[in-house]
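Scope of the values below: all heavy atoms of this structure, side chains included, with no hydrogens, waters or symmetry mates. Numbers restart at 1 for each chain; the letters A, B, ... are given by sequence-line order, proteins then strands.
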Amino acid sequence: MASIEEEAKSEPESESEALKPAKRRRRPPKAAEVAEDMQKVKISEKETKNTKAKKKENENPDLEEKPKKSKSSPKKSPKKVSPVVKAEPIEEKKNDDEAPVSDSESPSSSEESSLKKPAITAAARKQVQAKLVSGGHSYPDWPTGSPVPYAALCKSFSLIENTTKRLEKLQHTSLLLRQVLRLTPNELLLVVHLMCNKLAADFEGIELGIGESLLIKAIAESCGRAIDKIKSDHNQIGDLGVVAQQSRSNQSTLMFHKPKQLTVARVHDTFLKIAITSGGGAQNGKVSLIKQLLASAAKEGDEAKYIVRALEGKMRLGLAERTIEVALSQAVVTWEQEKSDKKPSLAQLQEAEEILKGVYSELPSFEVIIPALIEHGIYNLRQYCRMQPGVPLKPMLAKPTKAITEVLDKFENKTFTCEYKYDGERSQIHFVSKTSKIDYPKTAVDTNKIDKGVAKIFSRNSEDLSKKYPDILGVLDSWIKPGVESFILDCETVGWDKEEKKVLPFQQLMTRKKKDVIVEDVKVKVCVFAFDLLFLNGKPLVKETLQERRRLMYESFNEIEGQFSFAKAMDGNELEQIQSFLDESIKDSCEGLMVKMLLGSESSYEPSVRSINWLKIKKDYLAGVGDSLDLVVVGAYFGRGKRTSVYGAFLLACYNSSKQTYETICNIGTGFSEQVLEEHYKALSEHVIDRPKPYYSHSTGNTHAPDVWFEPKMVWEVKTADMTLSPKYRAAEGLVDSNKGISLRFPRFLRIRDDKGPEQATNARQVAEMYRKQESVGGGKKGVDDDFEY
DNA sequence: GGTGACTGCCC
DNA sequence: ATTCTGC
DNA sequence: GCAGAATGGGCAGTCACC
């Protein structure tokens with residue numbers, strides 16, 4: 001630790017110079033750089049191709065204007081292409097909206113106004129397309145039918161990473177997927193999974209069990225470098241993947257035998273092996289699997305980089321599932337049209353996107369969707385992939401609201417409703433009775449289970465929590481009224497105090513066991529608060545209005561005290577009503593309110609899209625309301641990814657005036673603009689010290705120490721949602737609990753308090769006071785002081 | 001059998 | 001979870 | 001406004017190690 005600190009402060013000059021290259025790499029390249037890069041890629045590609053001989057038919061015809069007129073002549077001079085492309089410079093607008101390949105004849109439609117995403121102008125899209133087409137950049141190529149080389153995927157990753165333009169990212173992604181469809185369609189699923197960086201659908205529960213530590217160990221061993229070296233490189237470069245790649249390319253090339261080319265299949269297979277390695281010696285086993293992969297990675301190129309990033313779970317491509325869905329839909333529809341020598345029209349591309357997004361949101365499993373896509377085509381996809389009890393759908397989310405008036409603005413003249421936002425765990429409960437006689441549509445999903453009944457519960461992120469809540473699943477039968485044979489409910493599961501008949505804090509709910517739970521042994525009882533019904537008796541309800549879904553929910557279920565309730569709702573539309581309902585929700589130990597449209601098409605359940613239709617109000621969102629503290633910056637952590645070369649997070653403390661100590665209270669890493677981060681870095685670098693002051697009270701152990709310590713100088717105003725008793729932080733230790741300090745839930749930076757010295761920071765006594773006040777409100781020791789100032 | 005580091009997943 | 005940012 | 005990527009506290013589970 002000391003060595004790192006010293007490096008950081010002893011030679012700030014050379015250090016920051018050294019950082020430049022790495023930093024540059026992470027910053028969005030300028031347009032010119034992009035163009036240059038593309039050119040490079042293209043040239044090298046051409047070379048490879050020539051050596052590879054023919055393969056001509058493998059080249060993507062869509063890159064040219066017409067398949068036949070392949071301008072295989074290396075010069076991708078824009079002029080050459082311009083006749084075809086420039087024909088529709090700017091006014092051609094919507095024709096090309098969404099169309100990756102559509103320089104040709106998209107039927108000019110009149111639906112301009114109905115196009116979604118007006119934010120991205122058609123003209124902009126047009127330009128991007130023109131650039132891509134005229135650039136004529138090639139993309140990875142391999143023999144038909146042979147395994148997809150991992151290098152091909154990495155090449156696309158690299159292109160994707162090196163542009164900030166979303167349309168270009170989409171384009172590169174879609175091109176690769178098309179190539180896979182054309183050459184090795186049976187590996188499409190693997191490729192898509194690796195792009196999303198998942199091994200399987202979320203509900204399968206496959207975990208790598210690999211984190212930073214093991215990864216560093218593996219890189220060190222694999223490249224023959226010291227672990228500390230890797231760590232300090234990591235601190236400077238801010239990306240373990242880059243560290244691995246550099247380490248590997250610098251590796252003295254002792255062994256001559258060139259490793260066999262990595263394939264997508266092998267990488268995926270090794271990831272799976274890493275995931276299932278468990279028990280004694282598992283860590284060594286995982287490390288050695290990683291080492292094998294790294295050893296097979298080419299020294300040139302980016303294979304090692306992306307392998308490591310994948311294992312770390314941070315691809316940092318600026319590309320994720322949502323964009324991949326779009327790219328996949330475009331790739332498939334283009335591929336389908338290609339078979340009959342046609343190009344997809346704009347309308348077709350849009351329809352495909354809508355279909356795939358819709359299907360994926362209701363059945364988020366590429367394992368099911370991709371085979372169905374290939375076998376039945378995208379326009380038949382809905383028939384084969386439908387919402388189905390037993391498979392979680394993506395939950396609808398909500399946006400934070402900064403003022404209650406914002407709610408009124410958004411929902412002006414609309415009918416809406418407010419519901420309690422319970423502080424628990426989002427749960428999607430699926431049920432099919434064992435005796436159900438409803439004929440469920442045969443879909444691509446295995447329906448055997450349905451025949452035997454279904455009782456499952458899924459988390460917000462589609463993890464299967466059925467093992468955690470046998471106490472809930474065992475009583476589903478008792479919730480339903482006669483005639484209900486199947487359902488999917490959207491709920492919040494909250495800890496429940498049976499004696500006091502009130503909800504328990506989130507922290508208590510979290511102490512429940514997650515595996516091998518036996519109903520009789522459950523310590524933390526729970527109550528389920530249902531707020532939406534997505535599926536009933538064989539029928540999806542997501543297209544219905546909320547009012548209708550709620551009506552069906554109310555009429556299909558029985559409330560059971562302390563076990564199953566409907567979320568408390570209020571349909572009043574006046575500001576005062578909302579305000580007092582919000583106050584009430586907080587007195588009832590809730591986080592605040594959810595606000596939802598009740599009627600109209602916008603009140604349908606749209607998984608993870610158009611989330612603007614739901615709003616959430618919490619008191620700490622509202623400006624000037626909620627708890628804020630003025631805290632002293634005593635330490636910091638080096639930033640990663642886009643925060644490379646500045647501090648990415650900071651350690652804060654409150655002041656204990658009785659003991660004259662600074663007691664740590666939380667880390668903080670959000671609320672900073674990029675500019676503010678740079679300013680903090682500059683300002684704080686002057687206050688770096690070798691070791692913590694003796695009057696700093698912080699957890700012992702390497703794990704909890706920041707990368708650098710500071711003199712107590714800067715004071716920041718920080719906002720928080722809640723205070724918690726902490727096993728790690730020391731604020732107000734002894735004032736509320738003899739062993740535990742207090743920490744903050746959801747801390748975020750508000751602003752610098754130049755006007756305050758460190759000793760004017762929030763005092764430990766004040767922290768304790770705030771904690772007690774919160775307890776008295778949420779804990780329901782009614783009447784102490786529940787006056788909020790709004 | 002206990003502890004601490006690490007990981008994944010809740011928020 | 002919260003927040004910021006480029007498109 | 002979307003989609004993505006920075007980052008927070010803190011719990012149970014797993015494994016290494018004593």
Can you tell which of [options] lies closest to the side chain of [X]?
X: A:Gln283; options: D:dA16, D:dG13, C:dT2; value: D:dA16
X: A:Arg460; options: D:dA12, B:dC11, B:dT7; value: B:dC11
X: A:Arg748; options: C:dT2, B:dC10, D:dA3; value: C:dT2
X: A:Lys616; options: D:dT7, C:dA1, C:dC7; value: C:dA1

Taking [atom1] from [X] and [atom2] from [N], how many angstroms apart are they, rounded to a whole number?
X: A:Glu602; N: D:dG1; atom1: CD; atom2: C1'; result: 14 Å
X: A:Ile668; N: D:dA6; atom1: CD1; atom2: C1'; result: 13 Å
X: A:Arg640; N: D:dG8; atom1: CZ; atom2: P; result: 10 Å
X: A:Phe203; N: B:dG8; atom1: CZ; atom2: P; result: 20 Å
X: A:Arg745; N: D:dG9; atom1: CZ; atom2: P; result: 13 Å
X: A:Phe506; N: D:dG9; atom1: CZ; atom2: C1'; result: 10 Å
X: A:Lys467; N: B:dC10; atom1: NZ; atom2: P; result: 14 Å
X: A:Asn461; N: B:dC11; atom1: CG; atom2: C1'; result: 10 Å

With a 4.5 Å heavy-atom cut-off, do A:Leu744 and A:Thr724 have their side chains touching?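 Counting from C-beta outward, A:Leu744 and A:Thr724 never come under 4.5 Å.
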
Specify whether A:Trp614 and A:Tyr605 have parallel, tilted or perpendicular ring planes, treating 30° as the upper limit for parallel and 60° as the lower limit for perpendicular.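 Taking A:Tyr605 first and then A:Trp614, their aromatic rings stand perpendicular (interplane angle over 60°).
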
Let me see the working for A:Glu663 and A:Ser697 under side chain to side chain donor-acceptor pair (under 3.5 Å), right down to the final yes or no. CA-CA 5 Å; A:Glu663 301 172 331; A:Ser697 174; 5.2 Å; no

Just to be sure I understand the rule, does A:Lys513 reach a base, reach only the sugar-phosphate, or reach nothing, if contact means heavy atoms closer than 4.0 Å?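 If one applies the 4.0 Å heavy-atom cut-off, A:Lys513 turns out to touch the sugar-phosphate alone, with no base involved.
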
Which comes earlier along DNA chain B counting from the 5' end, the contact point of A:Arg426 or that of A:Glu212, where each point is its nearest nucleotide?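 That would be A:Glu212.
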
Can you tell me how far the CZ atom of A:Phe271 sits from the NE2 atom of A:His193, to the nearest 0.5 Å?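 Going from CZ on A:Phe271 over to NE2 on A:His193, the span is 13.5 Å.
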
Minimum-distance pair of heavy atoms, taken over all atoms of A:Leu177 and A:Met195: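 Closest heavy-atom pair between A:Leu177 and A:Met195: CD2-SD, 4.0 Å.
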
